[in-house]
Amino acid sequence: MATFSLYFYEINEGDVLDIHEYQAKEILAEYGVKIAEGGLAYSPKEAVQRAREISGNIWVVKAQIHSGARGKAGGIKICRTHNEIEAAAEELLGKKLVTHQTGPAGKVCSRVYIEAGTDIAKELYLCFLVDRSYERIVMVGSAQGGMEIEKLAETSPDAIKKIYIEPAVGLQDFQARKMAFALGLEAAQLSHAVKTIKGCYRALRDLDASMLEINPLVITSSGELIALDAKMSFDDNALFRRHKIAELRDKTQVDPREVAAAEHGLSYIGLDGDIGCMINGAGLAMATMDMIKLAGGEPANFLDVGGGASAERTEKAFRLVLADKGVKAMLVNIFAGINRCDWIAEGVVHAVKNIDMKIPLIVRLSGTNVKEGRRIIAESGLPIIMAETLAEAAEKAVQARNEMVARKGGRSGNFN
């Protein structure tokens, strides 16, 4: 498999808008998918009030964060009294939950969802997503729900059923029935299952969603199908025509650097490394990160500055990368086509002079007016490390990072 795939999924996530479970359920309910009765709360007292409004004598308090595996992180509590609900909400609200999807930074819970308990007879898995390699929507299902689909794919790949849907035709009834049978549903449940499956597909299609996952989709003891959990992601590029979806964005669940980048028209994804990157073009950015990885380093971010080359835009990109205090070296890799290397060089020099750079800076320029761009940087008098090839730039970035760590014990020092 090509090295390109190392960062594909992390970067792809940056092109979508995620929403909370309760928001996804509200959408699904509008499309005929049955959900358990529930309500949102921002305080322990409000959580108790939501429980009073819900019938039954058992409730589930769920932390609302943009991550799966909340149960393993203690984010889901089963309660049998109002006192237990209040205690659970008090524990979860304001708590940082760490899962394998959030990374070590975790995500803070600022709201909880109170849901009526469900008498579960069986747990299933159902998902719709856009498969770009096939240019189709793929419907994925399994009779073994309630567990991470990645682990199921490793341990029991035959337990997963995939059905590809032609976008021009849409989901057909026979495909929905085929999935229902693959989920192990009985004939009496077929009509309800087809309605649920088609409702999910319509929600994905109508709202420009890139992924819709129900895990688990449960069968109750009375034979009903209920979406017990739900997750939806939407294509950022379609939000201009989906204003109601755009308003569902919870900025507290997103890296603040990504929010700042979006406000400046920059594409930024924070990663776990310590070599900052400023690159033009998504493909070149991923190739650069792979080269850093191959050279023995770890990229701190994905940053595509796009086609703009103004000094102001370059400075904003610099500040965005340097906002990550863990960055110990910065690599600028520009291939100038519509842009010109001399414009980029002027922007880099302007940014470095205006910013108190305390880490090594490596610059690799290629393309239009490359000689003039290199001359501008060379004559700037700034201690900028130049490189001619991508491999050389990555090696110099890793070397500079290692020297910085060795010299300062892992802390950033003076650039001069």
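Remember, it's a predicted structure, so these values are computed and weren't measured experimentally.
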TODO: With the side chain counted from C-beta on, respond yes when Leu212 and Leu28 share a heavy-atom pair under 4.5 Å apart, and no when they do not.
DONE: yes
- [ ] Please determine if Asp229 and Lys62 form a salt bridge, counting it only when a charged side-chain N lies under 4.0 Å from a carboxylate O.
- [x] no
Task: Heavy-atom pair with the smallest gap, counting every atom of Pro360 and Ala400 - done: CB-CB, 3.7 Å
TODO: Not counting sequence neighbours, which residues clear side-chain contact (heavy atoms from CB on, under 4.5 Å) with Leu126? List them please.
DONE: Phe128, Met139, Met179, Ile197, Cys200, Leu217
Task: Shortest non-hydrogen contact from Tyr125 toward Leu183 - done: O-CD2, 3.6 Å
- [ ] Using side-chain contact (heavy atoms from CB on, under 4.5 Å) as the criterion, list what pairs up with Ile27, not counting sequence neighbours.
- [x] Ile19, Tyr31, Ala203, Leu207, Met232, Phe234, Ile245, Leu248
Open item on the list: I'd like to know if the side chain of Thr99 reaches the main chain of Gln101, judged simply by a donor and an acceptor atom lying under 3.5 Å from each other, with no hydrogens or angles considered.
Closed with: yes
Task: Partner set under salt bridge (charged side-chain N to carboxylate O under 4.0 Å, His left out) for Glu90, not counting sequence neighbours - done: none
Task: N/O donor-acceptor pair under 3.5 Å between Gln172 side chain and Gly170 backbone - done: yes
Task: Nearest-0.5 Å distance that lies between atom CD1 in Ile334 and atom CG in Leu284 - done: 7.5 Å
Task: Atom of Gly74, atom of Leu92 and distance for their closest heavy-atom approach - done: O-CD2, 3.3 Å
Open item on the list: Test: side chain to side chain donor-acceptor pair (under 3.5 Å). Region: residues 71-84. Which pairs qualify, not counting sequence neighbours?
Closed with: Lys72-Glu148, Lys77-Glu91
Task: Value rounded to 0.5 Å, distance of CZ in Arg340 from CG in Asn369 - done: 5.0 Å
Task: Any residue meeting side-chain contact (heavy atoms from CB on, under 4.5 Å) with Glu46, in chain and number order, not counting sequence neighbours - done: Ala41, Tyr42, Ser43, Arg50
Task: Residue Glu403 excluded, over 12 heavy atoms near CD under 6.0 Å - done: yes
Task: Backbone of Gly281 reached by a side-chain donor or acceptor of Asp304 within 3.5 Å - done: yes
- [ ] Supply the atom-to-atom distance Gln64 CD to Leu97 CG, rounded to the nearest 0.5 angstrom.
- [x] 11.0 Å
TODO: Would you sort out whether Asp324 and Asn301 count as a side-chain contact (heavy atoms from CB on, under 4.5 Å), showing the intermediate values?
DONE: CA-CA 9 Å; Asp324 183 349; Asn301 64 276; over 6 Å; no
Task: Reported CZ-to-CD1 distance for the pair Phe174 and Ile163, which is rounded to 0.5 angstrom - done: 8.0 Å
Task: Smallest separation among heavy atoms of Ala397 and Leu331, with atom names - done: CB-CB, 4.3 Å
Open item on the list: Test of understanding: with salt bridge (charged side-chain N to carboxylate O under 4.0 Å, His left out), list the residues that count as partners of Arg364, not counting sequence neighbours.
Closed with: none
Task: Partners passing ring-ring contact (aromatic ring centres under 6.0 Å, His included) against Tyr164 (at least two apart in sequence or in another chain) - done: Tyr134
TODO: Name all pairs fulfilling the salt bridge (Lys or Arg N to Asp or Glu O under 4.0 Å) condition that reach into residues 217-226, sequence neighbours left out, sorted by first residue then second.
DONE: Lys34-Glu224
Task: Side chain to side chain, Arg111 and Asp250, heavy atoms closer than 4.5 Å - done: yes
Task: Value rounded to 0.5 Å, distance of CD1 in Ile137 from CG in Leu171 - done: 9.0 Å
Open item on the list: If we ignore hydrogens and angles and just use 3.5 Å, is the side chain of Asn280 paired with the main-chain N or O of Val305 as donor and acceptor?
Closed with: no
Task: Spatial distance of atom CD (Glu26) from atom CD (Gln23) [nearest 0.5 Å] - done: 7.0 Å
Task: Verdict with supporting geometry, Val332 and Phe318, side-chain contact (heavy atoms from CB on, under 4.5 Å) - done: CA-CA 9 Å; Val332 175; Phe318 264 75; 3.9 Å; yes
Open item on the list: Can you list everything that forms a ring-ring contact (aromatic ring centres under 6.0 Å, His included) with Tyr22? Sequence neighbours excluded, please.
Closed with: His20
Task: Minimal non-hydrogen separation, Thr220 against Thr118, with atom names - done: CG2-CG2, 3.7 Å
Open item on the list: Under a 3.5 Å distance rule, please check whether Arg70 uses its side chain to pair with a backbone N or O of Ile65 as donor and acceptor.
Closed with: no
Task: Basic-acidic side-chain contact under 4.0 Å: Lys162, Asp131 - done: no
Open item on the list: Is it the case that the side chain of Lys328 and the backbone of Gly326 share a donor-acceptor pair, with hydrogens and angles ignored and the cut-off at 3.5 Å?
Closed with: yes
- [ ] Please test Glu21 against Lys231 for salt bridge (Lys or Arg N to Asp or Glu O under 4.0 Å), starting from the C-alpha separation and ending with a verdict.
- [x] CA-CA 6 Å; Glu21 171 198 358; Lys231 181 178 180 181; over 6 Å; no
Open item on the list: Counting only heavy atoms from other residues, nucleotides and ligands, does the tally under 6.0 Å from CD1 of Ile58 exceed 12?
Closed with: yes
- [ ] Give every residue pair that meets the side chain to side chain donor-acceptor pair (under 3.5 Å) criterion with at least one member in residues 186-203, sequence neighbours excluded.
- [x] Asp173-Lys198
Open item on the list: Within the structure provided, determine whether Ile359 and Leu322 are in side-chain contact (heavy-atom separation under 4.5 Å).
Closed with: yes
- [ ] Begin from the C-alpha positions of Glu346 and His350 and carry the test side-chain contact (heavy atoms from CB on, under 4.5 Å) through to its verdict.
- [x] CA-CA 6 Å; Glu346 290 172 354; His350 173 83; over 6 Å; no
Open item on the list: Which heavy atom of Ile85 sits nearest to which heavy atom of Ala51, and what is that distance?
Closed with: CD1-CB, 3.2 Å
Open item on the list: Between Glu53 and Glu37, is the side-chain contact (heavy atoms from CB on, under 4.5 Å) condition met? List the steps.
Closed with: CA-CA 9 Å; Glu53 297 167 355; Glu37 189 177 2; 5.7 Å; no
Open item on the list: Asp274: which residues meet the salt bridge (charged side-chain N to carboxylate O under 4.0 Å, His left out) condition with it, sequence neighbours left out?
Closed with: Arg401
- [ ] Quick one: list whatever passes side-chain contact (heavy atoms from CB on, under 4.5 Å) with Ser210, sequence neighbours left out.
- [x] Val16, Ser233
Task: Thr314 side chain to Val348 backbone, donor-acceptor under 3.5 Å - done: no
Open item on the list: Using a 3.5 Å distance criterion without hydrogens, assess whether the side chain of Ser156 forms a donor-acceptor pair with backbone atoms of Leu152.
Closed with: no
